[in-house]
There are 2 protein chains.
Amino acid sequence: MLNQLDRAFQALGDPTRRTLVERLAAGPASVSELAGPLPMSLPAVMLHLKVLEESGLVISEKKGRVRTCRIDPNALSLAENWINARRRMWERSLDRLDAFLDETAKDER
Amino acid sequence: MLNQLDRAFQALGDPTRRTLVERLAAGPASVSELAGPLPMSLPAVMLHLKVLEESGLVISEKKGRVRTCRIDPNALSLAENWINARRRMWERSLDRLDAFLDETAKDER
DNA sequence: AAAATACTTAAGGCATCGCTTGACAATTGG
DNA sequence: CCAATTGTCAAGCGATGCCTTAAGTATTTT
């Protein structure tokens, strides 16, 4: 029972899939175009695309016999925001520690 | 042969490890404190911490018999920046498409 | 209609992951 | 010193992940 954030991070954890995202960030592409430069079979790339699609990072639609894939920037933002929130939280906790240490130093004077 | 970005994203892909990061974002904690609320054995939590540490997201140091863990916000930024760069790239490519479509519409007038 | 293109599905192999239990330090408090 | 606390190491097991090949299906192209 994995949520979207799990899936997104897990998807980005694989170098092949990050390469795919990187390629798609430059613009939409077909499955063959994506698979072309990669050192693996086309079915393998399809599986990666499936993972990316289930994570919400990538959207695809089929017209005729070619499936065109594109990035969904919303899903990217979701992951980005999660990290950002935690980083900010951590920085605030550091600030509180600094303030506490300053207080202590003042008291000791 | 995984690089730091792979490890970081893979680490964040696991719900337990994101819970750990979430907890640590509020401030440092010992291994037992981290394991306490979690529905698994302490060795299991240790393994998760090892993954987080190898990914660079978490730093720990041992004093006496207690190991204190804290977040390294730099590693968080690394992942955040990667996503941000791709999202921006994608948005730029959308802008170019819009511009192109506008041009085309003008030509057809 | 036959051939080529572009994917899709299925079956299977091997590695890694997440977790468990059990045994084993190392440190500290009574 | 003895015992409790806190963490570490190791073996192992079932599930998942990544990839392969082989055999489809659907859609153009010739």
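Only this structure's heavy atoms are used, side chains among them; waters, hydrogens and symmetry mates stay out. Residue numbers begin at 1 in each chain, while the letters A, B, ... track the order of the sequences.
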Novice: Between Val31(B) and Asp14(A), which is nearer to the 5' end of DNA chain D once each is assigned its nearest nucleotide?
Specialist: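 Residue closer to the 5' terminus by nearest nucleotide: Val31(B).
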
Novice: Would you call Glu61(B)-Arg67(B) a salt bridge at under 4.0 Å N-O?
Specialist: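 Looking at Glu61(B) and Arg67(B), the cut-off is not met.
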
Novice: Would you write out the dot-bracket form of DNA chain C, 5' to 3', with Watson-Crick and G-U pairs under 3.5 Å, [ ] for crossing pairs, | for pairs to other strands and . for unpaired bases?
Specialist: ||||||||||||||||||||||||||||||

Novice: When you compare the protein's N or O atoms with those of nucleotides 26-30 of chain C, which come within less than 3.5 Å of each other, and at what distance?
Specialist:
from: dT27(C); atom 1: O2; to: Arg65(B); atom 2: NH1; distance (Å): 2.9

Novice: Apply side chain to side chain contact (heavy atoms under 4.5 Å, CB included) to Thr68(B) and list each qualifying residue two or more places apart in sequence or on a separate chain.
Specialist: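 Expected list: Pro28(B), Val66(B), Arg70(B).
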
Novice: Can you list every ring pair (Phe, Tyr, Trp, His ring centres under 6.0 Å) pair that touches residues 26-65 of chain A, not counting sequence neighbours?
Specialist: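 Sorted pair list comes back empty.
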
Novice: If you take any heavy atom closer than 4.0 Å to DNA chain C, which residues from residues 34-42 of chain B end up in contact?
Specialist: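 Heavy-atom contacts with DNA chain C come from Met40(B), Ser41(B).
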
Novice: Working note: Asn3(B) + Arg7(B), criterion side chain to side chain donor-acceptor pair (under 3.5 Å); need CA distance, chi angles, decisive distance, verdict.
Specialist: CA-CA 6 Å; Asn3(B) 66 28; Arg7(B) 291 185 201 278; over 6 Å; no

Novice: Distance check needed: dC18(D) C1' versus Asp6(B) CG, whole Å only.
Specialist: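 Rounded to the whole Å, the gap is 14 Å.
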
Novice: Return the minimal non-hydrogen interatomic distance between Leu24(A) and Ala29(A), and the atom names on each side.
Specialist: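 Answer, listing the atom of Leu24(A) first, then Ala29(A): CD2-N, 3.8 Å.
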
Novice: Can you check whether Gln10(A) has a side-chain N or O nearer than 4.0 Å to OP1 or OP2 of dC17(C)?
Specialist: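 Checking dC17(C) against Gln10(A), no side-chain N or O comes under 4.0 Å of OP1 or OP2.
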
Novice: State which of dC9(D), dA6(C), dC19(C) makes the closest approach to the side chain of Val66(A).
Specialist: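 Given the options dC9(D), dA6(C), dC19(C), the side chain of Val66(A) is closest to dA6(C).
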
Novice: Select one nucleotide: of dG18(C), dG22(C), dC19(D), the one nearest the side-chain heavy atoms of Arg17(B).
Specialist: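 Minimum distance to the Arg17(B) side chain belongs to dG18(C).
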
Novice: Return the minimal non-hydrogen interatomic distance between Leu12(A) and Arg18(A), and the atom names on each side.
Specialist: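 Heavy-atom minimum between the residues: O-NH1, 2.8 Å.
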
Novice: Heavy atoms only: give me the nearest Gly56(B)-Gln4(B) pair and the separation to one decimal.
Specialist: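 Closest heavy-atom pair between Gly56(B) and Gln4(B): CA-NE2, 4.0 Å.
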
Novice: Which residues satisfy the side chain to side chain donor-acceptor pair (under 3.5 Å) test with Arg65(A), sequence neighbours excluded?
Specialist: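 Partners of Arg65(A) by the side chain to side chain donor-acceptor pair (under 3.5 Å) criterion come out as none, since no residue qualifies.
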
Novice: Just so I know, are the side chains of Ile59(B) and Cys69(B) near enough to count as touching, which here means a heavy-atom distance under 4.5 Å?
Specialist: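 When only atoms from C-beta onward are counted, Cys69(B) and Ile59(B) do not touch, as no gap falls below 4.5 Å.
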
Novice: Can you pull every protein N or O that's under 3.5 Å from an N or O on nucleotides 12-15 of chain C?
Specialist:
none

Novice: Is there a residue in residues 44-57 of chain A whose heavy atoms reach under 4.0 Å of DNA chain D, and which residues are they?
Specialist: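 Ala44(A), Leu47(A), His48(A) - these, ordered by number, are the residues of the stretch whose heavy atoms sit under 4.0 Å from the strand.
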
Novice: By the side-chain hydrogen bond (donor to acceptor under 3.5 Å, both in side chains) test, which pairs, at least two apart or in different chains, include something from residues 49-59 of chain A?
Specialist: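 Sorted pair list: Glu53(A)-Ser60(A).
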
Novice: Ignoring hydrogens, what is the shortest heavy-atom contact between Ala11(A) and Leu52(A)? Give both atom names and the distance.
Specialist: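 Scanning both residues, the minimum pair turns out to be CB-CD2, 3.9 Å.
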
Novice: By the definition side chain to side chain contact (heavy atoms under 4.5 Å, CB included), identify the one residue from Val51(A), Leu57(A), Leu38(A), Ile71(A) that meets it with Leu20(A).
Specialist: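 Exactly one option meets the side chain to side chain contact (heavy atoms under 4.5 Å, CB included) with Leu20(A), and it is Leu38(A).
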
Novice: Give me each pair satisfying salt bridge (charged side-chain N to carboxylate O under 4.0 Å, His left out) with a member in residues 74-84 of chain A, each pair once, sequence neighbours excluded.
Specialist: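 Pairs touching residues 74-84 of chain A that pass the test: Glu80(A)-Arg87(B).
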
Novice: With Arg17(B), which residues qualify under salt bridge (charged side-chain N to carboxylate O under 4.0 Å, His left out), at least two apart?
Specialist: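 Counting only residues at least two positions away or on another chain, Arg17(B) forms no salt bridge (charged side-chain N to carboxylate O under 4.0 Å, His left out).
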
Novice: Which pairs pass ring pair (Phe, Tyr, Trp, His ring centres under 6.0 Å) with one or both residues in residues 3-25 of chain B, sequence neighbours excluded?
Specialist: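 Passing the test, one end in residues 3-25 of chain B: Phe9(B)-Trp82(B).
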
